[in-house]
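First the structure, in the form of structure tokens, and then the observations on it.
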Amino acid sequence: MIHGLHHVAIGVTDLGAALAFYTEAFGCTAVFRSHIDGDRADADSVIGITGVAADVVMLRLGDAHLELWEYRSPAPEDRRSPANGLGYPHIAVSVTEIESEVTRLTDLGMSFVGPPVDMGPQKAVYGRDPFGNLIELYEAVE
């Protein structure tokens, strides 16, 4: 039985900087941290990659979680995708006062494609975090 979304994983090049950004920008709180040194058969089995070495932080974000991964081995490949890419091209976060959030997040290092767009029942805009990951700000308008 599916209960709902638990987490979205984000690969980053600097876990400390990413943790600081997501904590301040989105109000996330760290739930747990893990250090994998390439000698964990259980991690290799779950992920399907041999010799995984990485640092991981699970962050609570409202009713779901973000999981930040900084891989050391195997070397990560840049797979960030454009908005029209296949797979998982972006995550969306629910906000209020979207215009203020764009300003605040820009000051924290995000870049946006433009100002939020009012589409009737919602306002939205895409942006990239300081690590190049695509994030949509989404405000339901009632």
Side-chain angles (χ1 to χ4, degrees), residues 1-38 40 42-142:
M1 169 194 288
I2 304 286
H3 295 281
L5 178 67
H6 184 270
H7 71 268
V8 174
I10 301 174
V12 299
T13 56
D14 182 334
L15 189 63
L19 179 58
F21 174 77
Y22 280 97
T23 299
E24 185 171 352
F26 294 103
C28 295
T29 55
V31 176
F32 74 83
R33 297 173 189 235
S34 182
H35 179 78
I36 305 167
D37 269 333
R40 297 262 316 264
D42 58 344
D44 290 355
S45 293
V46 168
I47 298 168
I49 299 172
T50 302
V52 170
D55 290 309
V56 186
V57 176
M58 182 71 74
L59 302 172
R60 181 177 311 282
L61 175 61
D63 293 334
H65 297 80
L66 294 178
E67 186 180 49
L68 305 177
W69 283 81
E70 181 181 352
Y71 275 90
R72 292 181 305 284
S73 176
E77 297 177 30
D78 191 343
R79 299 277 175 110
R80 289 171 285 207
S81 89
N84 65 334
L86 298 175
Y88 301 97
H90 78 274
I91 61 171
V93 295
S94 178
V95 303
T96 56
E97 300 178 10
I98 192 169
E99 292 84 1
S100 297
E101 285 302 299
V102 166
T103 300
R104 187 180 70 81
L105 293 169
T106 298
D107 291 344
L108 291 172
M110 282 192 72
S111 59
F112 291 90
V113 299
V117 176
D118 187 335
M119 298 179 288
Q122 71 268 346
K123 293 180 181 179
V125 64
Y126 280 26
R128 292 204 181 263
D129 71 9
F131 314 96
N133 299 298
L134 195 56
I135 299 173
E136 176 185 3
L137 302 186
Y138 180 92
E139 180 176 9
V141 179
E142 298 184 27

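Scope of the values below: all heavy atoms of this structure, side chains included, with no hydrogens, waters or symmetry mates. Remember, it's a predicted structure, so these values are computed and weren't measured experimentally.
- A heavy-atom distance below 4.5 Å is found between the side chains of L19 and L59.
- We find the CZ-CG distance between F21 and L105 to be 6.0 Å, quoted to the nearest 0.5 Å.
- Atom CZ of R33 has 12 or fewer heavy atoms from other residues, nucleotides or ligands within 6.0 Å.
- Counting only heavy atoms from C-beta outward, the side chains of F112 and L137 approach each other to under 4.5 Å.
- Proximity of I10 to I91: side-chain heavy atoms (C-beta onward) are separated by under 4.5 Å at one or more points.
- For the pair M119 and A124, the tightest heavy-atom approach, listed with the atom from each and the gap, is CE-CB, 3.7 Å.
- Once rounded to the nearest 0.5 Å, the distance linking CG of N133 with NE2 of H90 reads 12.5 Å.
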**Message:** Using the rule given for side-chain contact (heavy atoms from CB on, under 4.5 Å), can you reason through V8 versus Y88, listing the C-alpha separation, both sets of side-chain angles and the distance that settles it, and then say yes or no?
**Reply:** CA-CA 9 Å; V8 174; Y88 301 97; over 6 Å; no
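- The main-chain N or O of V52 is found under 3.5 Å from a side-chain atom of D44 such that the two form a donor-acceptor pair.
- R72 places a side-chain N or O within 3.5 Å of a backbone atom of I36 that can act as its donor or acceptor partner.
- Between L134 and S81, the shortest heavy-atom distance links the atoms CD2-O, 4.3 Å.
- Annotation for L15 and E70: closest pair N-OE1, 2.8 Å, computed over non-hydrogen atoms.
- Of all heavy-atom pairs between P82 and P89, the closest is O-CB, 3.5 Å.
- Contact between M110 and G127 at its shortest, heavy atoms only, is CE-C, 3.8 Å.
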Would you list the atom pairs, donor with acceptor, under 3.5 Å between side chains in residues 24-31 and any protein atom, with sequence neighbours excluded?
none

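- With a 4.5 Å cut-off on side-chain heavy atoms, Y71 and I47 count as touching.
- Nearest heavy-atom pair, P116 versus I98, reported as atom, atom and distance to 0.1 Å: CB-CG2, 3.8 Å.
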Under 3.5 Å, sequence neighbours excluded: what are the donor-acceptor pairs made by side chains of residues 60-67?
from, atom 1, to, atom 2, distance (Å)
R60, NH1, H65, NE2, 3.4
H65, ND1, H6, O, 3.2
E67, OE1, H7, NE2, 3.0
E67, OE1, W69, NE1, 2.9

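- Each of I135, V117, V102 was evaluated against V125; a single residue qualifies, V102, per the side chain to side chain contact (heavy atoms under 4.5 Å, CB included) test.
- Put simply, OG on S94 and CD on E101 are 10.5 Å apart, with the number rounded to the nearest 0.5 Å.
- Other residues, nucleotides and ligands contribute at most 12 non-hydrogen atoms within 6.0 Å of the CD atom of E97.
- Within the 3.5 Å criterion, the main-chain N or O of H35 finds no donor-acceptor partner in the side chain of D55.
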